[in-house]
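Scroll down for the structure; my scribbles are underneath it.
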Amino acid sequence: MIRLEKRPNPSRLWTGLTPILAVLLTMVVGGVMFALLGKPPLEAIRTIFWDPLFHPQFAGYSRPQLLVKAGPLILIAIGLSVGFRAGIWNIGAEGQYIMGAVCGAAVGLAFYPAETVLLFPLMVIAGALGGWAWAMIPAVLKTRFGTNEILVSLMLVYVAENILASASAGWLRNPEGMGFPGSRNFKQWAAVYNDELVSNTGMHWGVVAAFIAVIAAYVLMARHIQGFNIRLTGEAPRAAKFSGVSPARIIFLCLGISGALAGMAGLFEVTGPAGQISIDFGSGYGFTAIIVAFLGRLNPFGILLAGLLMALTYIGGELAQLMLGLPGASIQLFQGMLLFFLLATDVFTNYRIRLTGREVA
Amino acid sequence: MDPVLLVASIMVSATPILLAAIGEMVVEKSGVLNLGVEGMMITGAVMGFAIAVTTGSPVLGFLGAAVASAVLSLSFGLLTQYLLSNQVATGLGLTLVGLGLSALIGSNYEGQRAPSLAKLDIPGLGDIPVLGPMVFAHDFVVYLSLALVAAVWAFLKYTRAGLILRAVGEDHESAHALGYKVVRVRMLAIAFGGACAGLGGAYVSLVRVPQWTEGMTAGAGWIALAIVVFASWRPLGVLIGAYLFGGVTVIQLNLQAAGTTVPVELLSMSPYLITIIVLVIISARGAQGAPGSLGRPFHAAS
């Protein structure tokens, strides 16, 4: 009989091994899925994980894309991980990301066509504030009324999507756009365009912010008293209360950080790779970032790696769509499976597997 | 607006959420929090649609949807009950998997129309003026959903199995000590919840919209979760909640169609806003009736 025995502490070895195991399992099951779709499985896996980086013809284009896609994922996931550590489940990062983009863009567009270096930083602040404010709604409702933050933050995603639709078709629409939905194009406005900082690397301000966030989150969680309080709240809520940690403050702190980071990610995306406010400006990052946060084991440096890996599946997925005619949705499923396998293999982290003789029940 | 038509369309609009919510309520009564309702619903929607289009039979579509979503929900059960994974994270994973899976399967079915589901023609009842077309001119799934609510109510209140289910959800340690199979009870509840969510999803793609579009459940699964909280884990509350929500949706759509001065986006977001407001009111009153072991992993140490 197989028996699970709880480990006194999570195994450090398995904490590191499970993401690798999950990726391998996803490749195997994904390969089977591709085979069922009538595509060569090995070639598909190679196209997704190898070709974007090393293919002589495509790598030149797709390598910079790695940072472009990973930047927002890492930025959002870092914020989410702080909350998840405290047991605060902000599932609405997608909404905070959208609101950050809308608020930041609105502030910028109000000053069109000013050409001052102050404008872009102002927009970044507005973006962060937009995301922060959107995250404060579930925070306030949770602390004042005890409302479940999972459901509220998620409902707010649908609200944010409608605000985005109304912005792109109405109050932020390009007045010179001949009635087409979508705001002015930030790429044609030098003062605010979030361009590559080093050409052909994909490195823009959002990526820089993501790297800073990784380091800041590490310092916060490992060296700062608030980080300790956050971890304590997650692992032993009652002990945290007795030691004088205010749950409300932790909720505001965690949701605030994740909202502000998601909002910034939205602003960087809309002024850079997306270029304008439109109904579907590169959304979906908010949900994928949840996978990134878990895959990175809620650890800042783990998230950095997980974000790069997840970015690779996006780019490889596009390549596989192009080269092998693989349906785009299969990549979405692929990413979902990754999270599932990770959660499944996590049993090794927290439990020892014991084989025992048949017991008398 | 014709009140007869209004009531009839509210019933249609409420049915998917009612089905998903009553299933989830049973799951939560057993002490498991499955946040994957949206993923199971969308899988049910695509499987129901695919099967109904292929076989030409909507009834087979509903059956297939229930089975497919139940199977999918068992993967959640396997992870949370046997591999003891975090229920919140696994539920989210289930939704992400379901959204991906449905988009993959559905890509071949876009632009097709579902075979229509016949209305039940109950002799006599349908001919009653006003009341007839209002409540007695629907397809069988509407009545199935209502019967399911009654059945769940009776099951939880009057049967021994229902009592065991509640015991497992209230205090799994004690239930285990008494010799009840906690994990087995929960797996059955999870599968039932999956099947209900699948039926609800199939109702969206086969009756409400009669076609397949990616992400067409648009948060209905999450609203079903909110309705369970609203209902304080009682079947009658689930019924009221689902019909209230169906009412909001229908009125909002009618206002859109009538072309009021209220912006369309504001109307479209109103169901979600109202869900939030209702959640706040319920929580402010102090959410009552949540099962004691809800969301806590169970590991039989001995």
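Sequence lines set the chain letters: A, B, ... in the order given, protein chains first and strands last, and positions in each chain run from 1.
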Next item on the list: Test the A/K6-A/Y351 pair against the cation-pi criterion, namely NZ or CZ under 6.0 angstrom from the six-membered ring centroid and within 45° of the ring axis.
Entry: yes
Check: What residue, out of B/I281, B/T95, B/T90, B/L99, has the most heavy-atom pairs lying under 4.5 Å from chain A?
Finding: B/T90
Item checked: Region of B/S270 in contact with chain A, defined by heavy-atom distances below 4.5 Å -> neither
Margin query: Name the residue from B/V229, B/L225, B/I223 that meets the side chain to side chain contact (heavy atoms under 4.5 Å, CB included) definition with B/I227.
Written below: B/I223
Notebook entry, point to check: Which answer fits A/L154, side chain, backbone, both or neither, if we ask what part of it has an atom under 4.5 Å from a heavy atom of chain B?
Noted result: side chain
Margin query: Whether the B/E214 and B/S102 side chains hold a donor-acceptor pair (N or O, under 3.5 Å, no angle test) is what I'd like checked.
Written below: no
Note to self: Tell me which of these, A/A344, A/G328, A/G170, A/P327, has more heavy-atom pairs under 4.5 Å with chain B than the rest.
What the structure shows: A/A344
Item checked: chain A contact via B/L94 - side chain, backbone, both or neither, heavy atoms under 4.5 Å -> both
Checklist line | Contact origin within B/L78 toward chain A - heavy atom pairs under 4.5 Å | finding: neither
Next item on the list: Check each atom of A/F294 against the heavy atoms of chain B and say whether the ones under 4.5 Å are side chain, backbone, both or neither.
Entry: side chain
Notebook entry, point to check: Relative to chain A, which segment of B/L35 carries a heavy atom at a distance below 4.5 Å: side chain, backbone, both, or neither?
Noted result: side chain
Note to self: Checking side chain to side chain contact (heavy atoms under 4.5 Å, CB included) between A/M337 and each of A/L342, A/L25, A/V29, which is the one that passes?
What the structure shows: A/V29
Checklist line | Evaluation steps, side-chain hydrogen bond (donor to acceptor under 3.5 Å, both in side chains), between A/R297 and A/T18 | finding: CA-CA 9 Å; A/R297 321 270 43 197; A/T18 42; 2.8 Å; yes
Notebook entry, point to check: Based on non-hydrogen pairs under 4.5 Å, which of A/S166, A/A165, A/A169 is most in contact with chain B?
Noted result: A/S166
Next item on the list: Go through the atoms of A/I331 and report whether side chain, backbone, both or neither lie under 4.5 Å from a heavy atom of chain B.
Entry: neither
Check: Just checking, is any N or O donor in the side chain of B/N34 or B/E28 under 3.5 Å from an acceptor N or O on the other one?
Finding: no
Notebook entry, point to check: So what's closer than 4.5 Å to chain A heavy atoms on B/L279: side chain, backbone, both or neither?
Noted result: both
Checklist line | Parallel, tilted or perpendicular: rings of B/Y109 and B/F49 (30°, 60°) | finding: perpendicular
Check: What class does the angle between the rings of A/Y285 and A/Y314 fall in, given that below 30° is parallel, 30 to 60° is tilted and above 60° is perpendicular?
Finding: perpendicular
Check: Top residue by heavy-atom pair count (under 4.5 Å) with chain A, among B/N86, B/I105, B/L266?
Finding: B/N86
Note to self: Does any backbone or side-chain atom of B/T275 lie under 4.5 Å from a heavy atom of chain A? Answer side chain, backbone, both or neither.
What the structure shows: side chain
Note to self: If you count heavy-atom pairs within less than 4.5 Å of chain B, which of A/I291, A/L343, A/L339 leads?
What the structure shows: A/L343
Margin query: If you count heavy-atom pairs within less than 4.5 Å of chain B, which of A/V347, A/N162, A/I163 leads?
Written below: A/N162
Checklist line | Test item: side-chain donor near acceptor, A/Y158 and B/S268, under 3.5 Å | finding: no
Check: Who among A/S330, A/A329, A/G336 has the most heavy-atom pairs with chain B under 4.5 Å?
Finding: A/A329
Check: Tell me, side chain or backbone of A/I137 under 4.5 Å from chain B's heavy atoms, or both, or neither?
Finding: neither
Item checked: Member of A/W171, A/Y97, A/W134 meeting the side chain to side chain contact (heavy atoms under 4.5 Å, CB included) criterion with A/V102 -> A/W171
Next item on the list: Heavy-atom pairs under 4.5 Å with chain A are the metric here; pick the option from B/L96, B/L83, B/V264 that has the most.
Entry: B/L83
Check: Does a side chain donor of either A/N90 or A/S258 reach within less than 3.5 Å of an acceptor in the other side chain?
Finding: yes
